[in-house]
Amino acid sequence: MSSSVANEERKKRRTLVLRPSSRAVNVFASGIYGVNQGPRHTSSVLGSSSRRSFSLGGGSKVLEKSATHTPRQDARVLDEENNDVTPQPLYKADPGAVQVKGSRFFVEEICAESASDQITATGSFTRPFSRSLLGSSRISSQSTIDSMNEDIEETFSKRDMPINFPDVQGKKDTVKELVTEEMLKEVIDVYISETDSISLLDIPCYVVSVDTDDAEVIIERNNQYAEVCRNRMGNDRSMQTLNEAVKNKHVQIDGMVMVDTATTVSTWDMYDTLCSPEQDDTVRSPEPEKLNYPDAVLGISRGAERGMSLGSTASIASAASSLKDVEVVGNTLNSESDLQLIMHSEKFQYCLLVMERGILGNIFQPNLAVYRQLPALEDPDSPVKPGTMEQRKEDAESCGSPALQRLWTFSCELSRGRSVSSMAWNKKNPDLLAVGYGELVSSDLKPGLVCCWSLKNPTWPERVVHCDSAVTSLDFSANNPSQLAVGMHDGSIAIYDVQSQDKKWHVISSSECPKKHLGPVRQLRWTQQKLSLTGEEKVEVLFSVAADGRISIWFVLNSGLDCIDLMKLKRIHNMKKKAGRNKDKTESVLSALTPGLCFDFHPTDSSLYLAGTWDGHIHKCSCSNSQQFLETFRKHFCPVNCVAWCPLSPDVFLSCSSDWTIQLWKQDHLHPVLGFTSTQRAVYDIKWSPKWATVFGAVNEGQLEIWDLNSSVLDPVAVQPAATSVMMRSLLFALHTDCVLVGDSDGQVTVYQLKNLSVGESSQVDILEDLIRSAASR
Amino acid sequence: MADVEDTLKRIETQKGVIGTVVVNGDGIPIRTTLDNSTTVKYAGLFRQLTVMARSTVRDIDPQNDLTFLRIRTKKHEIMVALENDFLLIVIQKPCE
């Protein structure tokens, strides 16, 4: 480019300067002035040869051009007529345009202008040189320089220019001095025009179709370029933000208190919140406090128990432990009231009940299991004594004689010392047993007691009812299973509602009834009765037999009981009268009624019943006939203590009496079919087994006897002697198991299990009947 | 009230019962027949266990609730009756 040319020229110039012999420019202090000075100078002095000396030695184009331009400078084109048709330059600068540009005025674009300067200004030939071709990369095409050179040469030819090669600044000044006054006053027109756009870099883009062969190369180059752009430093921002100056500002606030809270939520938590929001507040509010006081009673061990499920943090725990001592005092006071509150609550009582039964269940488990005919659970961890093992094996192996095994005893301190007078199972709940305590012998009339025992708790009765006088009989109602009728020694009958929790038993008493019994009520029975002969519906009625010789029906009237006499047990005189003596004393002075001691209703025909009297007679009566006995069975000569129909075989009943005998009767035989005696003691109670027709149990003063008519008619098959100084009083068979309950005069009810009774599966009715038939035929 | 007291006494004197602890709703034992350190241990540990057990039962069915917990160990049987406001813990040694 020209700049390089200029640089070369400059260098050359300097060298030229040093060679005085050269015709080139002598002094050029600074290489500012361009190339053109040289040729001008030389051209003014010399001819064309000077131009040749302006050799830049490089074979530059300029040089050659200048060389070629040489002849033209002197040339004047003359036509035939000697007209000067020298071609004028295309551009004629204004002669008056003096350019007062300083030497420093390097406006590169004004090459043409500088040319004009040369043309116009006579003295100011340096002006054009002010244009510096040096410096930054500039100009133009070579053509401009060429034309410029031409112009410069032409101007040189026209003028006489003093050889004036001033210094940069100095020369300027001298140039300026040559400006005449008139030139300064001239109006100079300055034309400013826009130059062409100079494109510094023009790389036209070209579009290549994707299908061409070198498309991949181009694409790859594009990608590379994009990557270069991307990797350029500072290019990671999509926009440039300026980093302003930083200013620090201080603010002071109160310290922030941080509190950790946590909670766990579970399914039931959500359910609780959904169901009962108002309850929830009371429930949840004590809970956070529970965390804090796990062991505040005597503050012994702090510690690991703190890990509660409600997410307590260590801070809460430590706070609690520090506060614990303070709160110990408070807590002791609280705990007292807590205890009271808890104890009073029903839930606590229920819990106690269940707990007690659980404990007792553990204790009595083997026996209860035997009772219920379940296998007894063996404790796997307890040390097994070798003796017990052998004994168990023995028991298992012995299929020998029937025996009675004692299971447990219902007894408590309340009942100690009282005599059991009667027992009854609850009709609905077979685990519930009512026991009446009272003396048969009216020696000391302690107030009576009724205890309702549950099998689940043999150590304490479920209900305790204190009665006014000694209890002599009991029965549970079938229709209202919670009603218990109690007959007492003073002849009154009371009906208790056993189910009620509070102490106020719903009592209906017959004590105000005018027709109440005058003697101890010996037996009570709830029976279903037909109301009328034709009607089918059955109503449960309470029957009683008492020592005043009356059998009565009781019903509730005006919150009291009233009775209707069903039968009066009249004395039956002996057929034989004492001959002679007191014919008019046919009626005895004694009352005409004999005390009734027991009765029993026929299992199927409930209007038929048997009554045993103090005389020893057994009367068969009917509910419809209140005047006469249907039949009388005479055998006993002592009070008949108990009569019992056989539940499995109709028309057969047993009776026991104080004359040491037990008699087996058939209904239409006026004489007993069989009689049993074992010991010379009064037999107090007799009961049939509910399962086997040939088995019955009898209790006399000293022992419990189990008779099995199938195996022996003469002796009981199993005998259980009573404990010393205790008399057995009453007997009850358990309904669904092979157990027998015996009540004694010490207030204890003992449960025995019948074992190894070699009775068959069937109910043995036919065997009984055979026996009876064979016996009766004798 | 006397009834409750009697029942509690009966339980405490039953055969095989080693000890009884009544714990109130805050986990403080309010009545006990054991010595202090044992009581405190039982109260604290069973409080946790019952909370966990109850949570399990209720998670399965929120309408259900735990009423009784029985733990059979090698040496004893520990029975815990649960309510909202209290715990009744009885330790019984099985008797043969």
Colleague: Has Arg418(A) got a side-chain atom pairing as donor or acceptor with Tyr437(A)'s backbone, closer than 3.5 angstrom?
Modeller: no
Colleague: Give, as side chain, backbone, both or neither, the part of Gln63(B) having an atom under 4.5 angstrom from any heavy atom of chain A.
Modeller: both
Colleague: For the interface with chain B, which of Ile359(A), Thr267(A), Thr459(A), Ile363(A) has the highest count of heavy-atom pairs at distances below 4.5 Å?
Modeller: Ile359(A)
Colleague: Taking Thr56(B) for its side chain and Met52(B) for its backbone only, find out whether a donor-acceptor pair lies under 3.5 Å.
Modeller: yes
Colleague: Only pairs of heavy atoms separated by less than 4.5 Å count here; which of Ile11(B), Thr7(B), Ile60(B), Asp59(B) has the most with chain A?
Modeller: Asp59(B)
Colleague: Checking heavy atoms, do the side chain of Val80(B), its backbone, both or neither come under 4.5 Å from chain A?
Modeller: backbone
Colleague: Under a 4.0 Å threshold between the charged nitrogen and the carboxylate oxygen, would Arg10(B) count as salt-bridged to Glu413(A)?
Modeller: no
Colleague: Quick check on the interface: out of Arg31(B), Arg54(B), Lys15(B), who has the most heavy-atom pairs with chain A under 4.5 Å?
Modeller: Lys15(B)
Colleague: State the OH-CZ distance between Tyr496(A) and Arg463(A), to the nearest 0.5 angstrom.
Modeller: 14.0 Å
Colleague: Under 4.5 Å heavy-atom distance to chain B, tell me which part of Leu353(A) shows up: side chain, backbone, both or neither.
Modeller: neither
Colleague: Say whether Ser482(A) and Asp497(A), considering side chains only, have a donor N or O and an acceptor N or O under 3.5 Å apart.
Modeller: yes
